[in-house]
Amino acid sequence: MAEPTARHLSLPSGLLELCALLGASQDTLRGLEQNAQKRGVKSVSSLTPEVLSVFVPPFTTKDDGQVAGTSCTLSKTRRRSFRKKREKPRMESWKSYPGDSKGPDLEDIAIPGGVDLLALPQLCFPGGVCVASEPKEDYIHFLVLTDVCGNRTYGVVAQYYRPLHDEYCFYNGKTHWEPSVSSARHFVPFAVCVVSRFPYYNSLKDCLSCLLTHLKLCKDFEVDNHIKDFAARLSLIPSPPPGPLHLIFNMKPLQVVFPSRADPESPIIDLDLHLPLLCFRPEKVLQILTCILTEQRIVFFSSDWALLTLIAECFVVYLHPLQWQHTFVPILSGQMLDFVMAPTSFLMGCHLDHFEEVRKEADGLVLIDIDHGSVTCSKSSDNDVDIPDVPLVLAQTFIQRVQSLQLHSDLHLAHLSSSTDVNEGLARRRAWQQALNCKIQHIALQLLVGIFREVKNHLNYEHRVFNSEEFLKTRAAGDQQFYKQALDTYMFHAFLKARLNGRMDAFARMDLETQSEEDRIDRMLISPRRPTVEKMASRKASPLHITHRRMVVSMPNLQDISLPELPPRNSSLRIMDSSSCKNSSPVLKVTPKSTYTFKIPEIHFPLVSQCVQAYYTDLTTLLSKAMGLLGPGDSLLLARYFYLRGLIHARQGQLLNALLDFQNLYKTDIGIFPADLVKSMVESMSVSEWTQAERIPELRRLITEVLDKPGETPKADDAVKNFELPKKHMQLNDFVKRVQESGIVKDTTIINRLFDALTVGHEKQIDPETFRDFYTCWKETEAEAQEVSLPALLMDHLDKNECVYKLSSSVKTNRGVGKIAMTQKRLFLLPEGRPGYVEIATFRNIEEVKNTTVAFLLLKIPTLKIKTVAKKEVFEANLKSECDLWHLMVKEMWAGKKLADDHKDPQYVQQALTNVLLMDAVVGTLQSSSAIYAASKLAYFDKMKNEMPMTVPKTTSETLKHKINPSAGETAPQAVDVLLYTPGRLDPAEKVEDAHPKLWCALNEGKVVVYDASSWTIHQHCFKVGASKVNCMVMAEQSQVWVGSEDSIIYIINVHSMSCNKQLTDHRSAVTGLVVQSGKKPSEVYSCSLDGTVLAWNVSTLRVTSRFQLPYGFFSILRLGPMMRYHSWTCTGHSILVVTMQGFHRHELRINNSDKAPASLLAFQLLPEKEQLWVACAGCSELYTWSLKDLGQPPQRTQLQDCTEVSCMIRVKRQIWVGGRGLSQGKPRGKIFVMDVEKMAVEKELVAHSDTVKTLCSAEDRYVLSGAGHEEGKIAIWKVE
């Protein structure tokens, strides 16, 4: 580990970036005073505001040196400074005592980026500096400041009035003059502005309110000192990390709460989100949200400067996780009005007095009057700015939910006794506001999810393509305008990037939590989606619906299709009758997450180094005490305390202590781990600190982790592409990519067969016209399936989840004239001229399918004949030109259904459906004599049935219960590396789906798919634990699953949130085994790695309780067995070691082959009650059994017939299940051998998969689950006898 060169350490700032005092200059006030005395002026015109003083951290005495005896240089990042042209503002940095007038030059002070001192006076006095004849109330408003990079800082401004004096100054060491009688009748406004990196609007408002009580009582020459003390306090308060911990600081007289953000992806919410709902009707709120979603040029107006920023910020929060990407200036002074002439999208605000001026002068603006609750457009722009409506049903639901909210705290608190303590009253109000904010965010998020939920159905993740044309075709005609505008925005493009990157933000979580059971099932299907019979039967065929569905046949990139005249929507939201929403579902009950508080200690003055050190010491002591009071399950709070204590240690210059805290944080919650800060700390360490860190194994590991971890390299093509039809000829690889982008099919093998079909008799390339015709046929078939109208009586004959995939033209059959319909389960006839249903056959019961001709006069009419098992009468249909295609399709579905039944795998039917639909599209594309032959290239299962008939052995068929495919939706099958079953539990505090048993499947590159084991539906589609192969998984306790990876890290997954925020990094090589020591409290988990290290972990604290090193060097494989009799059994690759818990060697077992070379051991199982040890060797077809009574005796060998290799082994009840590979009917297949431990012989031989059985796991000893290699990638569920 090389030592980097020590660098300056830039620590995150506290809550304060800058504090400024603003007002009229000393010379201006002196002249004003003289004029007032001479002329007796009663009203004075507006004055020019200026920056009088600026206070910037760090607030330590220069003579006192740095804040602690640090070995590295602690400094703030120096950013751009501003020099005023007329007069340099006085820049304070806590450098002097009253009476000392010496100050630093401007260049010594670093002004935070984004703060323009020349523009700040206009923003702090947007209405100008007006002298009053009588005192006015204090006034607070809010600012948002943006630098050239788009980074925002936030300002809170408090204006207050002081009497005009003869000699009015705010500088230390000046003489204080008493006011004259004439000047005392004039009051001059001053402003204190606090700038922070965080939007703490309410909290900083409370802080400034406390400051103003002191400023009003102090002498003029004391003002600077009070503001410096105030700024110093704020600069020393750390910002709370994301999570449930809020910080409290005593500002006297108020206890000020600084809330944290809910998670790293969420914004800080420190404002009252119901303010827009008090100012606007719900219909108008929706209209404003639409303007923001479509990125209009928006200007807010109000006579109250404070409301401009607060209302604008509320609307921005409503749209989280979507983010406003454009200019955001919620307050414009009178001198800045020309900003509204900008041609690009923006969100600005100005005083209501300028409303008419802006309306007349600027075109194409959306003008929002907060005071009157109106939304209008500027002049000559009625045709330019067309504000569309959001989808009607979503709008009605939103309005109803908003109307159900209780927006007045007085009604909520009416039953409570009056609070005699101001802080208690504020706490009550804060709790009410927090609950209301949570509900409002939930309602707004439900609206966004409703609007954009189906976007994911039109995304191709592999090639980062969004098919916007196809998405728009699925939208109702009345919603087209809204979606066309919303999809063409920067905000939506960033949203697409987040979806394609798999970001698990608030939108993704709610989408997952609120998806229907049908959506969960759809995610497991590999065949194209179609409306179910239940949906079609309940759907009313309105003229609007029929017209809309016919529109979807249009092609992408075509502009020559004119939309038909559509009936108007049921009224615009602007005049919507809210009474129509009364019967909608009520607002969901939303319980805000529990929050906790930590009180920051007092800060003592004068603020010299010793006082700062005392404050930091008090803070770390309180944090340590709070950590000691936590229970074993409070890891959420523990992580926040580690974060805060590490940050304070870093500020003290105690880098080693800080790194130890961050190392503990890394294990406890990696989601808030400050990787960049830790890397900066490591790079700034001195040689002596490096030497000390090298002696601490945990720090050595952390340092290696942060220094060796590669930075996030930007992807070469991270943009989201829109799907377009090809313009040039395509070879196979390009064709595969285009088909995947189109969303038609993903499986590379199927697309290869499609390529062969479309190029029959031609050169092996696809021209653009052929692809265009194929795409058109596919989309027309898709549209026709949407248009199918089925009678309601079909619900009595069909399953509700059946879908009609193909309809014939009207044909003559021996059961009447009508259309033949095909679902995934059956064929049936829809009689012509009357509603009815005639069953033809279920695919399961088909016995024979023939394609013949029937003579009629001089004609021979192609006829399809279908014979079923249950009926003697053969079904005949004169399908004429469609006969050959239907013959192919029915045979393919029949073969797929037979395979599905034989292998208990419904995916065969889904794949057969895909093949059938592709056949149909190929025939429609080619329209030639060779079209049927070309389509036959896709009849994969029919060929398999005829050319490679493989019967499933009876024992296998009886034992096999079901098969699932975790690779569904992927471009190719993926190997199932590890399986873990976790039992369900009944806990009323949990969601119902969380209480179900689950199956965890580890695929390649750290992907984990989670199934609901009660229904075998997807519970969590896919999330990542690192990017390396998963070697082992274990359930450490009811809420944790531990995952051992090839990258040497143990990942800890929270079962409820399905997130991985904890990592254990103590191993130095691949983690190969995890074992839970049952029956011990607190629970212990043993882990081993490929270098022979075995660690024991306390599950509650995540600390290593013991460790030992196995006595050999490199291990080809390492597996842990059960911990029993104070001994550990370990498979090291070439031997079985029995060691004590302290690592002392007791026994070693080896297997020598005939050539005397030691065999490579793969797995072992202990049967203590039988006193047996079963061992399997890699590349071997034998099992070895030792007697625990005498380990010195050679093992008994059991030969596995027709087995070529063993790959895994588990114990289930009184059986040993062995997975591997062997021959079945002359072909290599994945096999499972069920061993009888009494007879030491094979009890059952199961033909499990088409590829090697890679892993086995037991489900409560009632079922065994097996996972196959990458050639098949499926999971089989077996019944245990």
Side-chain angles (χ1 to χ4, degrees), residues 825 842-848 868-870 893-909 911-912 941-965 976 1016 1181 1183 1198-1259 1261-1269 1271-1272 1274-1281:
K825 292 186 178 181
T842 59
F843 294 116
R844 175 177 288 150
N845 294 329
I846 291 178
E847 189 175 319
E848 186 180 18
T868 60
V869 175
M893 289 300 298
W894 175 27
K897 183 61 179 174
K898 187 176 188 311
L899 285 169
D901 289 344
D902 290 347
H903 295 273
K904 311 289 178 66
D905 185 358
Q907 291 287 329
Y908 283 113
V909 173
Q911 190 172 336
F941 293 133
D942 185 44
K943 289 178 185 174
M944 182 187 294
K945 188 181 75 168
N946 295 329
E947 299 174 5
M948 302 177 294
M950 291 189 66
T951 59
V952 178
K954 182 180 178 182
T955 304
T956 300
S957 181
E958 291 174 347
T959 311
L960 181 62
K961 301 298 294 181
H962 190 59
K963 271 192 177 182
I964 53 178
N965 183 11
V976 181
W1016 300 120
S1181 60
L1183 298 179
T1198 304
Q1199 180 70 37
L1200 302 178
Q1201 190 174 358
D1202 294 330
C1203 175
T1204 56
E1205 66 170 312
V1206 173
S1207 55
C1208 52
M1209 180 170 63
I1210 64 168
R1211 176 191 175 180
V1212 185
K1213 292 184 178 178
R1214 302 174 69 83
Q1215 298 173 335
I1216 298 290
W1217 288 54
V1218 182
R1221 190 178 182 90
L1223 293 176
S1224 177
Q1225 301 178 35
K1227 294 184 178 294
R1229 302 293 300 274
K1231 281 191 169 186
I1232 296 175
F1233 300 90
V1234 182
M1235 309 299 299
D1236 186 329
V1237 297
E1238 299 282 353
K1239 300 177 182 178
M1240 295 191 184
V1242 176
E1243 183 179 326
K1244 287 182 184 179
E1245 181 180 321
L1246 308 175
V1247 181
H1249 300 276
S1250 60
D1251 197 2
T1252 306
V1253 177
K1254 298 275 290 182
T1255 181
L1256 293 167
C1257 84
S1258 170
D1261 282 349
R1262 294 191 298 148
Y1263 299 97
V1264 167
L1265 301 105
S1266 60
E1271 291 180 15
E1272 181 191 282
K1274 294 182 180 181
I1275 298 168
I1277 297 107
W1278 307 88
K1279 180 177 62 176
V1280 176
E1281 297 294 342

To the nearest 0.5 Å, what is the distance between [atom1] ([X]) and [atom2] ([Y])?
X	Y	atom1	atom2	result
Thr956	Lys1231	OG1	NZ	9.0 Å
Gln911	Asp905	CD	CG	9.5 Å
Met1240	Ile1216	CE	CD1	10.5 Å
Thr955	Glu1243	OG1	CD	10.5 Å
Trp894	Glu847	CH2	CD	8.0 Å

Of Leu1246, Ile1210, Val1234, which meets side-chain contact (heavy atoms from CB on, under 4.5 Å) against Val1264? Ile1210
Determine the sole option in Ile964, Asn965, Thr1255 for which the side-chain contact (heavy atoms from CB on, under 4.5 Å) test with Ile1275 is passed. Ile964
Nearest non-hydrogen partners of Gln1201 and Glu1245, listed with the distance: O-OE1, 4.0 Å
Minimum heavy-atom distance Lys1213-Arg1211, with the two atoms named: O-NE, 3.0 Å
Is any side-chain N of the basic residue among Arg1221 and Asp1251 closer than 4.0 Å to the acidic one's carboxylate O? yes
side-chain contact (heavy atoms from CB on, under 4.5 Å) assessment of Met1209 paired with Val1218: CA-CA 4 Å; Met1209 180 170 63; Val1218 182; 4.0 Å; yes
Any side-chain heavy atom of [X] sitting closer than 4.5 Å to one from [Y]?
X	Y	result
Thr1204	Pro1228	no
Gln907	Lys963	no
Gln1199	Ser1181	yes
Leu1200	Met1235	yes
Met893	Ile846	no

[X] side-chain N/O to [Y] backbone N/O, donor-acceptor pair under 3.5 Å:
X	Y	answer
Trp1217	Leu1256	no
Ser1250	Glu1272	no
Ser1207	Val1253	yes

Excluding sequence neighbours, so at least two apart, what forms ring pair (Phe, Tyr, Trp, His ring centres under 6.0 Å) with His1249? none
Derivation and outcome, side-chain contact (heavy atoms from CB on, under 4.5 Å), residues Phe843 and Val909: CA-CA 10 Å; Phe843 294 116; Val909 173; over 6 Å; no
Considering only distance and modelled atom types, tabulate donor-acceptor pairs under 3.5 Å from the side chains of residues 895-904, sequence neighbours left out.
residue : atom : partner : partner atom : Å
Lys898  : NZ   : Asp902  : OD2          : 3.0
Asp901  : OD1  : Arg844  : NH2          : 3.1
Asp901  : OD2  : Arg844  : NE           : 2.9
Lys904  : NZ   : Ser957  : O            : 2.8
Lys904  : NZ   : Leu960  : O            : 2.7

Is the NZ or CZ atom of Lys1244 positioned over Trp1278's six-membered ring, under 6.0 angstrom from the centre and within 45° of the axis? no
